[in-house]
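The basis for the numbers below is simple: all heavy atoms, side chains too, and nothing from hydrogens, waters or symmetry mates.
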Amino acid sequence: MQKKQSGTGTGTGTGTATGTATKEVSSLNRIDLSSPDIHQSVSLLKQACLDCGFFYVINHGISEELMEEVFEQNKKFFELPLSDKMKVLRNEKHRGYTPLFDELLDPDNQVHGDYKEGYYIGVEVPEDDPKAEKPFYGPNVWPSDDILPGWRHTMEKYYLEALEVARAIGRIIALALDLEADFFDKPEILGQPLALLRLLKYPGQISDPSNGLYGAGAHTDYGLITLLATDDVYGLQICKDKYAQPRVWEFIAPLKGAFIVNLGDMLERWSNCLFKSTLHRVLGNGQERYSIAYFVEPSYDCLVECLPTCKSEKNPPKFPPVIYGDYLGQRYKDTHIDLNVYNKLQS
């Protein structure tokens, strides 16, 4: 059972990340999915989306036991020898293991790729399914059951349960945008989404922004929303105003049992910049840090264009319509190492 958390208002925290100077810790609204007061949930979520694009989701319905099992299995994978992890190296469908430095999110400010390891799990599509011809669709890559028994079952269970949480959040977002509650439940959006689960480990490196060293460089997420589960180690920072000089970064406090949810680029486009896709990054503080990101993306063929409730004669669409798969493919191409690099290293 998930232990019920209290409060649907503001989650505050104070604290510092080990190995860094004291930083302000941002205060985020808490959205309680078990609350019968939908009007309060919509109000709190809308306030968060207008302010910083980040909020906590509590009482989401995923059991504490499953959350703990996912983190335990996450850690077991990353503790494997590198040779075993490289056997399930990321493929062209973005399934599998991503080594240190595989992803470069902020090339203008990073001296090399992100100091993190990852593992992608996506929509399970058989090779003989016509959908498998599209980028990002296909069978997943799994570690051998002999090495990690039960690992696949745990991840598949979590993948499906997190999707239901995302759909519940999507309904509150729709109401906050003056849409019908089921707007995002359409097949091309959250009915049959291109959701990507990414397991992450940040080794015990101390980041040094002044020298271009980051756990994860500054970036925005690409899709609709991201659900982040994290351990109790500080590291995630947000910048509410990406155009400010200098940028002001605030830590997001971990909240046990909760999801940290942030908005992606497509929601910013759908809402005509009413809601923010906020810049964020990760700084290492000398401690290992584990997190699990669930990227909730529309389907590959989804046409993303300004919502009717977010435009007017005085506020015309700020972005042209875009096919989501084209956008996503380009973003991944821009930020990930070419797989041929690994082929040459292994040959």
Side-chain angles (χ1 to χ4, degrees), residues 1-3 18 60-91 93-103 113-124 138-166 195-207 215-216 226-236 254-260 282 284-295 336-337 339 342 345-346:
M1 295 285 291
Q2 184 194 9
K3 292 181 181 177
T18 304
H60 43 69
I62 299 180
S63 72
E64 186 177 327
E65 290 79 10
L66 179 57
M67 297 294 289
E68 289 176 354
E69 176 66 13
V70 171
F71 271 95
E72 185 179 328
Q73 295 285 14
N74 184 12
K75 190 172 184 180
K76 283 182 179 178
F77 173 79
F78 289 116
E79 287 176 341
L80 292 174
L82 180 60
S83 58
D84 285 339
K85 290 183 285 191
M86 290 300 286
K87 291 174 183 175
V88 286
L89 179 68
R90 169 177 65 89
N91 60 24
K93 298 286 189 177
H94 291 283
R95 302 287 202 279
Y97 172 64
T98 55
L100 293 175
F101 314 124
D102 179 85
E103 190 173 19
D114 294 350
Y115 201 80
K116 67 174 190 276
E117 297 175 85
Y119 196 99
Y120 282 116
I121 300 167
V123 185
E124 185 70 36
N140 281 299
V141 175
W142 300 106
S144 166
D145 208 46
D146 294 336
I147 297 175
L148 293 175
W151 198 88
R152 174 176 179 171
H153 173 76
T154 298
M155 297 306 165
E156 288 182 325
K157 181 176 174 61
Y158 181 79
Y159 183 98
L160 293 175
E161 293 198 18
L163 180 54
E164 290 308 310
V165 176
L196 284 167
L197 175 62
R198 194 176 191 193
L199 312 176
L200 293 162
K201 176 189 177 182
Y202 296 88
Q205 186 216 38
I206 297 176
S207 295
T226 301
L227 278 58
L228 182 73
T230 184
D231 61 16
D232 60 0
V233 178
Y234 276 74
L236 176 63
L255 183 62
K256 184 172 176 59
F259 282 116
I260 299 168
V282 175
N285 62 18
Q287 297 174 274
E288 285 188 348
R289 177 175 178 268
Y290 290 89
S291 64
I292 300 165
Y294 191 78
F295 299 107
H336 287 72
I337 286 178
L339 287 172
Y342 295 119
L345 289 173
Q346 292 176 329

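- A distance-only check finds a donor-acceptor pair linking the side chain of H60 to the backbone of G257 [under 3.5 Å].
- Under the side-chain contact (heavy atoms from CB on, under 4.5 Å) criterion, T154 pairs with L66, E69, V70, Q73, sequence neighbours left out.
- Not one N or O on the side chain of N91 forms a donor-acceptor pair closer than 3.5 Å with the backbone of G96.
- Summarising the geometry, atom OG1 belonging to T230 is positioned 5.5 Å from atom CG belonging to L228; distances are rounded to the nearest 0.5 Å.
- Residues passing the side-chain contact (heavy atoms from CB on, under 4.5 Å) test with D231, sequence neighbours excluded: V233, R289, Y290.
- Between the side chains of D102 and Y342, at least one donor-acceptor pair of N or O atoms lies under 3.5 Å.
- Annotation: side chain of L255 is not in contact with side chain of I260 (no heavy-atom distance under 4.5 Å).
- Nearest heavy-atom pair across S207 and G284 is OG-N, 2.6 Å.
- Under a 3.5 Å cut-off, the side chain of Y159 and the backbone N or O of A195 do form a donor-acceptor pair.
- Between P99 and M86 there is a side-chain heavy-atom pair separated by less than 4.5 Å.
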Criterion side-chain contact (heavy atoms from CB on, under 4.5 Å) on Y202 and V282, from CA distance to verdict: CA-CA 9 Å; Y202 296 88; V282 175; 3.6 Å; yes
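- Of the charged side-chain nitrogens involved, at least one lies within less than 4.0 Å of a carboxylate oxygen, so that E103 and K116 count as a salt-bridged pair.
- Here the CD1 atom belonging to I121 is positioned 10.5 Å from the OH atom belonging to Y294, to the nearest 0.5 angstrom.
- Side-chain contact between K256 and D232: absent, with no pair of heavy atoms (C-beta onward) separated by less than 4.5 Å.
- Taken to the nearest 0.5 Å, the CD atom of Q287 stands 9.5 Å off from the CD1 atom of I206.
- Separating the CD1 atom in I147 from the CG atom in D84 is a distance of 4.5 Å, to the nearest 0.5 Å.
- Here the closest heavy-atom approach between residue L100 and residue Y115 is recorded as CD2-C, 3.9 Å.
- Put simply, CD on E117 and CZ on F101 are 10.0 Å apart, with the number rounded to the nearest 0.5 Å.
- Using a 4.5 Å heavy-atom cutoff, the side chains of N140 and R152 are not in contact.
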side-chain contact (heavy atoms from CB on, under 4.5 Å) between F259 and I292, worked out: CA-CA 10 Å; F259 282 116; I292 300 165; over 6 Å; no
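- Stacking of R198 on the aromatic ring of Y120 is recorded, both the 6.0 Å distance cut-off and the 45° axial limit being met.
- Note: L89 CG to R95 CZ = 14.5 Å, rounded to the nearest 0.5 Å.
- T98 places a side-chain N or O within donor-acceptor distance of the main-chain N or O of G118, the cut-off being under 3.5 Å.
- Put simply, the side chain of E288 never gets that close to the backbone of K201: no donor and acceptor are under 3.5 Å apart.
- Below 30°, between 30° and 60°, or above 60°: for Y119 and W151 the angle between ring planes is above 60°, a perpendicular geometry.
- Between the D145 side chain and the G150 main chain, a donor and an acceptor come within less than 3.5 Å of each other.
- Proximity of a side-chain donor or acceptor of K93 to a complementary backbone N or O of P139 within less than 3.5 Å is not detected.
- Contact record, D114 with G215: CB-O, 3.1 Å, taken as the closest heavy-atom pair.
- Heavy atoms only, all atoms of each residue included: Y158 and A229 are closest at OH-CB, 4.0 Å.
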